[in-house]
Undergrad: 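This is the structure I want to talk about, given as C-alpha cells.
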Amino acid sequence: MKIKHLILAILIGSLFVASCKNNDKSKFPDARNRVTQFAPIGSFKSMFLALDGLGKTQESFSIGMIAPSAQDTLHNAFAWGVLTTDLQLAVLNRNGRQLDALLAQIIGLGPKLGLEDISAKLRDSVKPMLDSEDWPILENTLYNMQYSVEQTLFDKERYEMYTVMSLGSWTEATNQFARRMGDARNADSSRLLLHPETWQSLLDNFRLISDKQYTASPAFQTALKELKSLVKLMEKPPEEFLTGEEIGSIISSTSAIKAAFVKAKP
C-alpha cells in the first residue's frame with residue numbers, strides 16, 4: 001500500500017510541476033486575481049460527491065466510446081471533457097477494461113490539445129493502479145489530473161478551450177446522472193442535478209467567446225442555445241424538486257450538446 005501511495009504522490013507532484021512551472025504562486029481560478037471576464041468553473045467532482053451522499057455509487061453506468069465530430073480544438077476539448085467524466089464513471093463501475101479503453105482515448109487527444117506531457121504521465125502512472133484495481137487511488141489520481149489540466153489552461157489564458165472542456169465534463173456528468181434518476185421526484189435527487197451557478201458561468205463564458213473559429217461552428221451554436229435552456233431549468237428555489245418533465249428536458253438539452261460535439265464510435 002505504501003508503494004501505491006508513493007506512486008500517487010509522484011504522479012500528482014509531476015503533474016503540478018508541469019502545470020505550475022514558472023509560477024511563483026498558485027493561480028488556479030478560484031484563488032487567482034481576476035484578469036479576465038471569463039469565470040472560473042467549478043469541478044464536476046461536486047456531482048460525484050453528491051452522488052456519494054445519495055448512496056448510489058454502485059450504479060452501473062453505460063459508457064460508450066466516442067470521437068470528436070470534427071478534428072479541431074473546439075471539438076477535441078469537448079471530447080476530453082466528456083472522457084474525464086467517463087473515466088470516473090468507469091471507476092464507479094469498477095470496470096478496468098472500460099477504464100483502460102477510455103484512457104487510451106484521452107491519451108490520444110493529448111497531443112492535439114498541447115497536453116501530451118500530462119497525458120503521458122497519466123498513462124505511465126495509472127497502469128500499476130489499474131493492474132492492482134486500487135480504485136480509490138485511481139479516482140483521486142484522475143481528479144488531480146483534470147485539476148492540473150484546468151489550471152494549466154487558465155494560467156495560459158486559453159479560456160475558450162478551458163470553457164469548452166468544462167462544458168464537456170459537466171454535460172456528460174449531468175446527462176448520465178439524469179438518465180439514472182428517471183422520474184425521481186425528491187429534493188435530494190434534484191440537488192444532484194441543480195448547479196445553477198455552474199451553468200450560468202458556462203453560458204456567460206460562451207457569450208464571451210469571439211473567435212470565429214469557435215463561433216462559426218454549428219456545435220457552438222447548439223451549445224449556446226441549450227445552455228440558455230439549462231440555465232432556465234436550474235432557476236428553482238432550493239426547497240423545490242425537479243419534475244419528471246424537467247429531468248427529461250435536462251436529458252434532452254445535454255444530449256443535444258453532446259451530439260453536436262462528439263459521435264459514438266462503432
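No hydrogens, no waters, no symmetry mates; every other heavy atom, side chains included, goes into these values.
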Undergrad: What is the distance from atom CD1 of Ile41 to atom CG of Leu202, rounded to the nearest 0.5 Å?
TA: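 Going from the CD1 atom of Ile41 to the CG atom of Leu202 covers 4.0 Å.
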Undergrad: For a quick test of reading the model, state the closest non-hydrogen atom pair linking Val231 to Trp199 and the distance between them.
TA: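 Of all heavy-atom pairs spanning Val231 and Trp199, the closest is CG2-O, 3.5 Å.
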Undergrad: Answer whether the closest heavy-atom distance between the side chains of Leu224 and Leu203 falls below 4.5 Å.
TA: yes
Undergrad: Quiz question: by atom type and distance under 3.5 Å, do the side chains of Lys45 and Gln146 form a donor-acceptor pair?
TA: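 Side chains of Lys45 and Gln146: no pair found under 3.5 Å.
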Undergrad: Which residues pass the salt bridge (Lys or Arg N to Asp or Glu O under 4.0 Å) test with Lys127, not counting sequence neighbours?
TA: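 Expected list: Asp131.
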Undergrad: Could you go through the side chain to side chain contact (heavy atoms under 4.5 Å, CB included) check for Gln37 and Arg207 one step at a time?
TA: CA-CA 11 Å; Gln37 289 181 290; Arg207 285 170 167 162; over 6 Å; no
Undergrad: Report yes if some heavy atom in the side chain of Leu115 is under 4.5 Å from a heavy atom in the side chain of Met165; otherwise report no.
TA: yes
Undergrad: Grab the two heavy atoms, one from Val126 and one from Leu138, that are nearest each other, plus how far apart they are.
TA: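 Closest heavy-atom pair between Val126 and Leu138: CG1-CD2, 3.4 Å.
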Undergrad: Compute the centroid of each ring, for Phe177 and then for Phe61, and state whether the two points are separated by less than 6.0 Å.
TA: yes
Undergrad: Do Gln200 and Met234 have side chains that get closer than 4.5 Å, going by heavy atoms?
TA: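 Heavy-atom side-chain distance check fails, nothing below 4.5 Å.
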Undergrad: Where do Ser255 and Arg179 land on the side-chain hydrogen bond (donor to acceptor under 3.5 Å, both in side chains) test, with the steps shown first?
TA: CA-CA 10 Å; Ser255 294; Arg179 288 180 182 278; 2.9 Å; yes
Undergrad: Got a donor-acceptor contact below 3.5 angstrom from the Ser132 side chain to the Met129 backbone?
TA: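 Between the backbone of Met129 and the side chain of Ser132 there is a qualifying donor-acceptor contact (under 3.5 Å).
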Undergrad: Is a donor on one side and an acceptor on the other found under 3.5 Å between the side chain of Thr171 and the backbone of Gly168?
TA: no
Undergrad: Return the minimal non-hydrogen interatomic distance between Pro68 and Lys263, and the atom names on each side.
TA: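 Closest heavy-atom pair between Pro68 and Lys263: O-CE, 4.1 Å.
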Undergrad: Can you confirm if the aromatic rings of Phe154 and Phe38 lie within a centre distance of less than 6.0 Å?
TA: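 Ring centroids of Phe38 and Phe154 are no less than 6.0 Å from each other.
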Undergrad: Does any non-hydrogen side-chain atom of Val149 lie less than 4.5 Å from one of Leu153?
TA: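 Leu153 vs Val149: side chains touch.
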Undergrad: Look only at the side chain of Ser46 and the backbone of Ser43, and say whether a donor-acceptor pair between them is shorter than 3.5 Å.
TA: yes
Undergrad: When you look at Ile118 and Met145, which way does the side chain to side chain contact (heavy atoms under 4.5 Å, CB included) test go after all the steps?
TA: CA-CA 8 Å; Ile118 288 178; Met145 177 273 293; 3.9 Å; yes
Undergrad: Any donor-acceptor pair under 3.5 Å linking the side chain of Ser166 with the backbone of Tyr162?
TA: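 Side chain of Ser166 to backbone of Tyr162: a pair is present.
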Undergrad: Measure the OG1-CD distance between Thr215 and Gln221 for me, rounded to the nearest 0.5 Å.
TA: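 Going from the OG1 atom of Thr215 to the CD atom of Gln221 covers 7.0 Å.
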Undergrad: Search all heavy atoms of Leu167 against all heavy atoms of Ala223 and return the closest pair with its distance.
TA: CD2-CB, 3.9 Å
Undergrad: Of all residues at least two apart in sequence or in a different chain, which pass the salt bridge (Lys or Arg N to Asp or Glu O under 4.0 Å) check with Glu172?
TA: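 Listed in chain order: Lys258.
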Undergrad: Backbone N or O of Ala256 within a donor-acceptor pair of the Glu226 side chain at under 3.5 Å?
TA: no
Undergrad: Quick check: closest heavy atoms across Leu242 and Leu233, and the distance to 0.1 Å?
TA: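 Answer, listing the atom of Leu242 first, then Leu233: CD2-O, 4.4 Å.
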Undergrad: Tell me, with the steps shown, if Met47 and Leu193 meet side chain to side chain contact (heavy atoms under 4.5 Å, CB included).
TA: CA-CA 7 Å; Met47 293 197 73; Leu193 297 180; 4.1 Å; yes
Undergrad: Look up atom OG1 in Thr222 and atom CG in Leu227, then write down how far apart they are to the nearest 0.5 Å.
TA: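 Taking OG1 in Thr222 and CG in Leu227, the distance rounds to 10.5 Å.
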Undergrad: Would you mind reporting whether Asp86 and Leu89 have side-chain heavy atoms less than 4.5 Å apart?
TA: yes
Undergrad: What pair of heavy atoms forms the shortest contact from Ile106 to Ser119, and how long is it?
TA: O-CB, 4.3 Å
Undergrad: Roughly how far, to the nearest 0.5 Å, is CG of Leu122 from CG of Leu142?
TA: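 These two atoms lie 6.0 Å from each other.
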Undergrad: Trp80: which residues meet the ring pair (Phe, Tyr, Trp, His ring centres under 6.0 Å) condition with it, sequence neighbours left out?
TA: none
Undergrad: Quick check: Phe220 with Phe78 (ring centres under 6.0 Å apart)?
TA: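 That pair fails the under 6.0 Å test.
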Undergrad: Main chain of Glu139, side chain of Gln88: is a donor-acceptor contact present, judged purely on distance under 3.5 Å?
TA: yes
Undergrad: How long is the gap from OG1 on Thr174 to NE2 on His195, to the nearest 0.5 Å?
TA: 6.5 Å
Undergrad: Between the side chains of Ser169 and Thr84, is a donor N or O closer than 3.5 angstrom to an acceptor N or O?
TA: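 Judged by distance alone, the side chains do pair up.
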Undergrad: Distance check, rounded to the nearest 0.5 Å: Asn76 atom CG versus Leu83 atom CG?
TA: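 Rounded to the nearest 0.5 Å, the CG-CG separation comes to 10.5 Å.
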Undergrad: Among all residues two or more places apart in sequence or in another chain, which pass the side chain to side chain donor-acceptor pair (under 3.5 Å) test with Asp72?
TA: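 Applying side chain to side chain donor-acceptor pair (under 3.5 Å) to Asp72 gives His75.
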Undergrad: Using a 3.5 Å distance criterion without hydrogens, assess whether the side chain of Ser69 forms a donor-acceptor pair with backbone atoms of Phe261.
TA: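 Indeed, once roles are kept as given, a pair shorter than 3.5 Å links the two residues.
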Undergrad: Please report the C-alpha distance between Trp170 and Ser201 in whole Å, then the side-chain angles of each, then the deciding distance to 0.1 Å, and finally whether the side chain to side chain contact (heavy atoms under 4.5 Å, CB included) criterion is met.
TA: CA-CA 12 Å; Trp170 276 93; Ser201 293; over 6 Å; no
Undergrad: Side-chain contact test, heavy atoms from C-beta onward, threshold under 4.5 Å: evaluate it for Asn95 versus Leu99 and give yes or no.
TA: no
Undergrad: Return the set of residues passing side chain to side chain contact (heavy atoms under 4.5 Å, CB included) with Lys265 (not counting sequence neighbours), or none when no residue passes.
TA: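 In terms of side chain to side chain contact (heavy atoms under 4.5 Å, CB included), with neighbours along the sequence ignored, Lys265 is linked to Met65, Ala67, Gln105.
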Undergrad: Just jot down the salt bridge (Lys or Arg N to Asp or Glu O under 4.0 Å) partners of Glu246, sequence neighbours excluded, or say none.
TA: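 Applying salt bridge (Lys or Arg N to Asp or Glu O under 4.0 Å) to Glu246 gives Lys236.
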Undergrad: Report yes if some heavy atom in the side chain of Leu208 is under 4.5 Å from a heavy atom in the side chain of Asp204; otherwise report no.
TA: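 Counting from C-beta outward, Leu208 and Asp204 never come under 4.5 Å.
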Undergrad: Under the 3.5 angstrom rule, does the side chain of Asp211 hit a backbone N or O of Gln213 as a donor-acceptor pair?
TA: yes
Undergrad: Could you check if a side-chain atom of Phe48 sits within less than 4.5 angstrom of a side-chain atom of Tyr143, using non-hydrogen atoms only?
TA: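 When only atoms from C-beta onward are counted, Tyr143 and Phe48 do touch, with a gap below 4.5 Å.
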Undergrad: Using modelled atom types only, decide if a donor and an acceptor are shared between the side chain of Asn144 and the backbone of Asn140 within a distance under 3.5 Å.
TA: yes
